[in-house]
**Q** 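For reference, the structure I am asking about is given below.
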Amino acid sequence: METIKPNAAFLCNFEVMQILQQLKDSTQKKHKREGSLATVTYETVHYLQNSDCKHQNAQSIEKFLEAMKPFKLTKSEKLMMLNTPPHTELEIQLIVQESEERLSEDEVRKIISIVNEHLPSSDTA
Amino acid sequence: MFVLAEMKDVLRVTPDNFHQSLSESITTLLNRKLANKVVLNVGLCIALFDITHIGYSYIFPGDGSSHTEVRFRYIVFRPVAEEILIGKIRSCSRDGVHVTLGFFDDILIPVNALQHPSRFDETDQAWVWEYPKEDGEKHDLFMDSGESIRFRVTSETFEESLPSGPPGTECAVQTVAPYRLIGGINEPGLGLLTWWEAPEQDDEDDNEQDNDE
């Protein structure tokens, strides 16, 4: 076996959850779930369902990314925002490197309102 | 935290699987081979994403199986450095705090990456963040098992694991974790989720903690 590209593309938690759930449904019908695959899909889906991505959908993610365009954030920063949506200024500081220099206070507030609009957390939903 | 890894392999499909379509057999074989396993310098494999290319199948003399070269993409758990993840505390020890994500357990937050100042409570077997209050006193914040914790991934290590001996023999099998993550919570905003909740919920939390103590 050979690895061509260990890092061909990034997936957000929501995509992984969707794929694994489809897999779970399709293999259950056929009654032939393989041991290790069944274990890892069960545990991963369990983890993802307890995270915020349970309330996301494809449209809301697309709208969120569109709304985030003006802020000049990197791809991985936006990915992290999808996976662990920030609801406070402190969480944005953690995700965005050197956020004090790159984002003004107004922009941080705008990001929080965009996040609350498109990616509601489990408490508010 | 999840990425796609592009890989190539030659798969042997035995004749008793010829009644299925080739792609179906390949999917089963790849998932059997890789699911829930760590590939060196790639990460923890979760499930097959798609098959990008199926080459010609060959049959070798003396073997009825078909051998097919396949290129495919696999969903792999591999957080990038500096990524923020949320997990649960599995246990605490003198080495630090062990964190689990449910499907991945080998995460350690070493002592030097805990909030400062922290101490290890021997009776409760838990790390305690001695949060300094304004009046000079300390407020003890316990890190109990099962609590949700937000941490930053600081580094990763892959270790080549040796194959275990034949079944039935009692040779010492090394149990090294093939893929380990080192995390840190020594920044404001990191640590137990309850530490940083919005101020209006703080009062409730304090009461709960008082009751626990």
Side-chain angles (χ1 to χ4, degrees), chain A residues 1-17 19-20 22-24 26-27 30 32-53 74-77 79-84 86-97 123, chain B residues 1-11 24 27-37 39-50 52 71-80 82-88 100-105 148 150 152 187-190 196-198 201:
Chain A
M1 204 181 68
E2 216 179 293
T3 311
I4 304 167
K5 257 193 219 160
N7 210 337
F10 286 107
L11 290 174
C12 75
N13 286 2
F14 172 73
E15 287 171 293
V16 176
M17 185 173 80
I19 294 163
L20 293 183
Q22 275 169 11
L23 192 76
K24 230 170 132 181
S26 67
T27 45
K30 286 184 202 157
K32 50 156 194 180
R33 299 182 68 190
E34 299 272 341
S36 55
L37 179 68
T39 313
V40 76
T41 44
Y42 171 80
E43 287 173 346
T44 313
V45 168
H46 186 80
Y47 171 77
L48 292 175
Q49 277 185 331
N50 286 326
S51 74
D52 282 337
C53 73
T74 64
K75 216 171 153 185
S76 60
E77 283 164 353
L79 181 69
M80 258 194 265
M81 285 195 181
L82 276 177
N83 290 343
T84 52
H87 297 287
T88 60
E89 289 168 36
L90 197 62
E91 286 170 76
I92 290 185
Q93 276 173 27
L94 283 173
I95 291 172
V96 182
Q97 306 242 313
D123 318 324
Chain B
M1 64 197 262
F2 295 102
V3 295
L4 282 183
E6 215 178 318
M7 294 191 252
K8 190 169 88 176
D9 198 7
V10 176
L11 292 174
E24 217 172 291
T27 308
T28 318
L29 284 172
L30 286 176
N31 278 331
R32 190 181 298 163
K33 185 171 179 175
L34 289 171
N36 211 3
K37 304 226 166 49
V39 175
L40 196 68
N41 296 328
V42 173
L44 174 73
C45 294
I46 309 282
L48 183 71
F49 184 74
D50 63 355
T52 48
R71 281 164 180 260
F72 56 95
R73 291 191 290 178
Y74 218 85
I75 304 172
V76 172
F77 169 73
R78 182 153 195 209
V80 289
E82 304 294 297
E83 191 169 340
I84 306 283
L85 295 179
I86 297 176
K88 282 201 163 64
T100 175
L101 296 182
F103 57 97
F104 185 77
D105 290 337
S148 292
R150 189 195 301 271
R152 188 188 289 282
E187 279 173 70
L190 295 179
W196 303 100
E197 267 167 6
Q201 293 167 4

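Each chain gets a letter, A, B and so on, in the order the sequences are listed, and its residues count up from 1.
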**Q** Indicate the atoms forming the closest heavy-atom contact of B:E82 with A:M80, along with that distance.
**A** O-CE, 3.9 Å

**Q** Testing the basics here: between B:A35 and A:S36, what is the closest heavy-atom pair and its distance to 0.1 Å?
**A** O-OG, 3.4 Å

**Q** Could you report the tightest heavy-atom contact between B:I46 and A:L37, atom names first, then the distance?
**A** O-CD1, 3.7 Å

**Q** Just wondering, do A:F10 and B:V80 contact through their side chains at under 4.5 Å, heavy atoms?
**A** yes

**Q** If you define the side chain from C-beta out and look only at heavy atoms, does anything of B:M1 sit under 4.5 Å from A:V16?
**A** no

**Q** Using a cut-off of under 4.5 Å on heavy-atom pairs, state which of A:K5, A:Q93, A:Q97 scores highest against chain B.
**A** A:K5

**Q** side-chain hydrogen bond (donor to acceptor under 3.5 Å, both in side chains) with B:D50: which residues, sequence neighbours excluded?
**A** B:R73

**Q** For B:E187, which atoms come within 4.5 Å of any heavy atom of chain A: side chain, backbone, both, or neither?
**A** side chain

**Q** Using heavy-atom distances under 4.5 Å, tell me whether A:E2 contacts chain B through its side chain, its backbone, both, or neither.
**A** both

**Q** Output the option from B:L44, B:V76, B:L190 having the highest count of non-hydrogen pairs under 4.5 Å with chain A.
**A** B:L190

**Q** Which atoms of B:F49 are under 4.5 Å from chain A, going by heavy atoms: the side chain, the backbone, both sets, or neither?
**A** side chain

**Q** Quick one: are B:P188 and A:L90 in side-chain contact, heavy atoms under 4.5 Å?
**A** yes

**Q** Out of A:T3, A:I4, A:L79, return the one with the most heavy atom pairs under 4.5 angstrom to chain B.
**A** A:I4

**Q** Applying side-chain contact (heavy atoms from CB on, under 4.5 Å), can you list everything that pairs with A:E43, at least two apart in sequence or on another chain?
**A** A:T39, B:F103

**Q** Chain B heavy atoms under 4.5 Å from A:L48: which part of the residue, side chain, backbone, both or neither?
**A** side chain

**Q** Of all the heavy-atom pairs spanning B:I84 and A:T84, show the shortest one and how long it is.
**A** O-CG2, 4.2 Å

**Q** Mind listing the closest non-hydrogen atom pair of B:I86 and A:Y47 along with its distance?
**A** O-OH, 2.6 Å

**Q** Ignoring hydrogens and geometry, is there a side-chain-to-backbone donor-acceptor pair from B:R78 to A:N7 under 3.5 Å?
**A** no

**Q** With rounding to the nearest 0.5 angstrom, report the CG to CD1 distance, A:L20 to B:I75.
**A** 5.5 Å

**Q** Is any side-chain heavy atom of A:L94 closer than 4.5 Å to a side-chain heavy atom of B:W196?
**A** no

**Q** Contact part of B:L34 toward chain A, heavy-atom cut-off under 4.5 Å: side chain, backbone, both or neither?
**A** side chain

**Q** Tell me the closest heavy-atom pair linking B:V42 and A:P6, and the distance in Å.
**A** CG2-CB, 4.3 Å

**Q** Measuring heavy-atom distances to chain B, does A:E15 have an atom under 4.5 Å in its side chain, in its backbone, in both, or in neither?
**A** neither

